Amino acid sequence: TQTPEQLPLDTLYDRKGVLEQADKTKDDGNRCLACDTLCEICCDVCPNRANVQVIVPSMNNHSQILHMDGMCNECGNCGTFCPHSGRPYLDKMTLFWSEEELKISEIKGLYFMADGKLLIRSDTGQVQAVGKEELPEDWRKFVNAVEEQYGYYIPN
């Protein structure tokens, strides 16, 4: 039999949200959601839907979380329920809806500027305007996926 980590993502998605009573007489592994493979709890518990899944096929972990600053009221639900002791509204890549919001924030993220460049706040806190080709590789992959598949998240 397959361990939960070996199951196809479709099977894991089908299990999400299904409450199943523990049964000590049989293999309880069938209830496992393989959270280290597919978590996304921060998306499920956010009352404002500020955390969204972004599929980035070119990254090792295809399923990434994009935090939408303009939709977040910093309630902390995502941090409370995160099984990885994270705080997604502070730790995940954040998409800002205005240049001003990015500049006053202290978290890493990006803003799509009208001239095609990106205003970014890096992990070190530095704010700068850059072209996509200047981004670190993982950021570039993430930005390409957002632009190509999730452009509706980017404010006009």
Side-chain angles (χ1 to χ4, degrees), residues 4-18 32-156:
E5 294 79 16
Q6 296 170 324
L7 292 172
L9 286 180
D10 290 347
T11 301
L12 295 175
Y13 274 114
D14 288 345
R15 289 182 180 180
K16 280 184 70 138
V18 176
C32 178
L33 295 177
C35 293
D36 56 335
T37 303
L38 173 71
C39 181
E40 301 172 13
I41 289 174
C42 60
C43 298
D44 297 337
V45 301
C46 179
N48 301 323
R49 299 295 182 226
N51 299 315
V52 295
Q53 176 204 47
V54 172
I55 300 296
V56 186
S58 58
M59 291 181 78
N60 287 341
N61 183 357
H62 299 337
S63 179
Q64 296 291 315
I65 301 300
L66 176 65
H67 176 73
M68 312 269 271
D69 185 70
M71 296 171 66
C72 181
N73 66 358
E74 297 184 11
C75 69
N77 276 4
C78 59
T80 299
F81 290 95
C82 182
H84 305 288
S85 70
R87 299 169 305 159
Y89 74 102
L90 297 175
D91 302 336
K92 297 297 182 181
M93 178 64 73
T94 297
L95 175 64
F96 291 91
W97 288 355
S98 75
E99 186 174 333
E100 296 76 28
E101 290 296 320
L102 182 138
K103 287 181 177 178
I104 63 173
S105 178
E106 295 180 5
I107 58 178
K108 74 177 179 181
L110 54 99
Y111 169 70
F112 287 84
M113 298 170 65
D115 65 2
K117 288 196 171 199
L118 297 159
L119 186 66
I120 66 164
R121 175 182 299 284
S122 67
D123 293 329
T124 63
Q126 181 182 9
V127 175
Q128 61 184 352
V130 298
K132 279 197 307 186
E133 66 283 349
E134 300 172 74
L135 292 171
E137 184 179 1
D138 282 350
W139 282 52
R140 190 172 52 253
K141 290 175 181 179
F142 199 95
V143 166
N144 285 337
V146 170
E147 282 185 315
E148 293 168 11
Q149 300 174 30
Y150 307 93
Y152 46 87
Y153 291 146
I154 302 171
N156 295 335

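Computed from a predicted structure; not experimentally measured. Only this structure's heavy atoms are used, side chains among them; waters, hydrogens and symmetry mates stay out. In what follows, residues are counted from 1 in the order of the sequence shown.
- The distance from atom CG of Leu118 to atom CH2 of Trp139, rounded to the nearest 0.5 Å, is 9.0 Å.
- Here the SG-NZ distance, from Cys78 to Lys92, works out to 10.0 Å after rounding to the nearest 0.5 Å.
- Counting only residues at least two apart or on different chains, the side chain to side chain donor-acceptor pair (under 3.5 Å) pairs with a member in residues 65-78 are Asn48-Asn73, Asn51-His67.
- To the nearest 0.5 angstrom, Cys42 atom SG is 10.0 Å from Asp91 atom CG.
- Of all the heavy atoms in Ser63 and Glu40, the pair that sits closest is OG-OE2, 2.6 Å.
- In this structure Glu147 satisfies the side-chain hydrogen bond (donor to acceptor under 3.5 Å, both in side chains) test together with Lys132, sequence neighbours excluded.
- Shown here are the ring-ring contact (aromatic ring centres under 6.0 Å, His included) partners of Tyr153, two or more places apart in sequence or in another chain: Tyr150.
- Taking the salt bridge (Lys or Arg N to Asp or Glu O under 4.0 Å) definition, one finds that Lys117 meets it with nothing, sequence neighbours left out.
- In terms of heavy-atom proximity, Trp97 sits nearest to Gly70 at CE3-CA, 3.6 Å.
- Tyr89 approaches Gly76 most closely through the heavy-atom pair CE2-CA, 4.1 Å.
- Within the 3.5 Å criterion, the main-chain N or O of Ser98 finds no donor-acceptor partner in the side chain of Glu101.
- Minimum interatomic distance between Gly109 and Phe96 (heavy atoms only, all atoms of both residues): CA-CE1, 3.9 Å.
- In this structure, Arg87 places its CZ atom where only 12 or fewer heavy-atom neighbours from other residues, nucleotides or ligands lie under 6.0 Å away.
- Summarising the geometry, atom CG belonging to Leu95 is positioned 5.5 Å from atom CG belonging to Leu110; distances are rounded to the nearest 0.5 Å.
- Considering only residues two or more places apart in sequence or on other chains, Gln126 meets the side chain to side chain contact (heavy atoms under 4.5 Å, CB included) condition with Ser122, Thr124, Gln128.
- Using a 4.5 Å heavy-atom cutoff, the side chains of Cys46 and Met68 are not in contact.
- Among all heavy-atom pairs drawn from Ile55 and Gln53, the shortest one is CD1-NE2, 3.4 Å.
- Considering only heavy atoms from C-beta on, Phe142 comes within 4.5 Å of Leu66 through its side chain.
- We find the CG-CD1 distance between Asp123 and Ile107 to be 11.5 Å, quoted to the nearest 0.5 Å.
- The line from CD of Glu133 to CG of Leu135 is 8.0 Å long, rounded to the nearest 0.5 Å.
- Residue pairs meeting the side chain to side chain donor-acceptor pair (under 3.5 Å) criterion with at least one member in residues 102-115, sequence neighbours excluded, are Glu99-Lys103.
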